[in-house]
Amino acid sequence: MIRMDWKKTLKEKLQREGQVPKSEEEMKDEEMNLFTKYYTEWKGCQKESISRNIPRFYYRLPAEDEILQQKLREESRAVFLQRKSRELLDNEELQNLWFLLDKHQSPPLNGEEAMINYISFQSVGEKAGEKCKMFFTPKVFSKLIHTDPYGRISIMQFFNYVMRKVWLHQTRIGLSLYDVAGQGYLRESDLENYILELIPTLPQLDGLEKSFYSFYVCTAVRKFFFFLDPLRTGKIKIQDILACSFLDDLLELRDEDLSKESQESNWFSAPSALRVYGQYLNLDKDHNGMLSKEELSRYGTGTLTSVFLDRVFQECLTYDGEMDYKTYLDFVLALENRKEPAALQYIFKLLDIENKGYLNVFFLNYFFRDEIFDMVKPKDPLRITIQDLIQSSQGDTVCSILIDLNGFWTYENREVLVANEGESPSDTDDT
């Protein structure tokens, strides 16, 4: 059999056709080009295949001029929230659930408290209906089980758990109706509308004059934003509103028999709001609706240091050098809640003269010379950060010493005051 030299034959053919055979390097380049071409085409097909399998997860918000799209989005959200609301237990369904739980008590009695074991718990879950299924899970049962020797849970604790969950969902839906942007947060105007429409449903606010509503709403909203919006973004997550206790305090005003003490300690009560606004009016000696530095200096016992007041008017929002009611509310919330991190952050910013993020000996001497560093025990012996202040548990005392002459005097004379408190009235009379 004759073997043909294909390489030689091909070279001769190319020569006859007038084509010059390619060199080894040119062949490699051509091979690489072809590989790159085909690989790129294959890669593109793969990307298209992947993109077809990934569901769309981002939808652009309609622009201000896209009226129809905005209206459609609002209607869709309203329908969605209505559907979610229908999924919640109503009063009649909650009452039926209580009867079922009471009927399936598991003996023996634990004092006067009704208990239920896991088998009866499952049985109630099967009879309670579709809406209740989410509550009758092993996870919920194990979360509520404590020290019962028979492995049971308290029926009352479980029912309160269900009530709390239903309330949270109802409140979330109610707040979401005011979420104009539909992004899971409320702006200041959104929360103002929510509280304004809530006022008629709170019996403890029945005595408020309608002319005071706007000031009441401003007073209430500032507490939410002072503590829940530390970066001053102008919006608060609905989740944060639900997680804090402020909404509980506000809705506590539904109780017609709320004690006087509870009202006085509740920022949202009518007496509290009137007290704060009344103080503002009393400080406003020239009746122009704003507070000057001189007018603010009479706040409380009138012992705030002039250095601290200078810093307040340097750092806080003012109008022609005077403070409005909203800025005043932040000031009051900070001074009345000096143990809270948000209040300490507010005051720390005023004490941090050069905005360095810490207080050193110079800054503290600028206000007062005292035992601050010994009290706080900061990580760095020459400077105090906001973290040091919070972790020391002495933040409120430190701030009082630095900003209030009365606070400084109280600290300096603390041993004498303790001794005086220890004296009996008869000892005092004898002297």
From the options L382, V361, D388, V398, select the one residue that forms a side-chain contact (heavy atoms from CB on, under 4.5 Å) with F373. V361
Sorted by chain and number, sequence neighbours left out, ring-ring contact (aromatic ring centres under 6.0 Å, His included) with W98 holds for F159
Applying ring-ring contact (aromatic ring centres under 6.0 Å, His included), can you list everything that pairs with F348, at least two apart in sequence or on another chain? none
Could you check whether F136 and F158 have their ring centres less than 6.0 Å apart? yes
Answer yes if the ring centres of Y277 and Y325 are under 6.0 angstrom apart, and no otherwise. yes
Around atom [atom1] of [X], are there more than 12 heavy atoms of other residues, nucleotides or ligands at under 6.0 Å?
| X | atom1 | result |
| --- | --- | --- |
| Q69 | CD | yes |
| N91 | CG | no |
| K165 | NZ | no |
| Q314 | CD | yes |

Pairs involving residues 298-320, ordered by first then second residue, that meet ring pair (Phe, Tyr, Trp, His ring centres under 6.0 Å) (sequence neighbours left out): Y299-F331
Is it the case that the side chain of [X] and the backbone of [Y] share a donor-acceptor pair, with hydrogens and angles ignored and the cut-off at 3.5 Å?
| X | Y | answer |
| --- | --- | --- |
| S123 | I119 | no |
| R338 | C399 | no |
| R73 | A181 | yes |
| K131 | L88 | yes |
| R152 | A114 | no |
| D190 | R187 | yes |

Any ion pair linking [Y] and [X] (charged N to carboxylate O, less than 4.0 Å)?
| X | Y | answer |
| --- | --- | --- |
| E130 | K133 | yes |
| D330 | R222 | yes |
| D352 | K349 | no |

Measure the shortest side-chain to side-chain distance between [X] and [Y] over non-hydrogen atoms and say whether it is less than 4.5 angstrom.
| X | Y | answer |
| --- | --- | --- |
| L250 | K223 | no |
| Y150 | M115 | no |
| F225 | I236 | yes |
| L253 | L258 | yes |

Kindly state each residue pair satisfying side chain to side chain donor-acceptor pair (under 3.5 Å) with at least one member in residues 193-205, sequence neighbours excluded. Y178-E197, Q204-Q263
Pairs touching residues 230-250 that satisfy side chain to side chain donor-acceptor pair (under 3.5 Å), sequence neighbours left out: R164-D248, D229-T233
With E113, which residues qualify under side-chain hydrogen bond (donor to acceptor under 3.5 Å, both in side chains), at least two apart? S154
Residues T219 and W267: closest non-hydrogen pair is O-NE1, 2.9 Å
Gap separating the CG atom of D90 from the OG atom of S85, nearest 0.5 angstrom: 10.0 Å
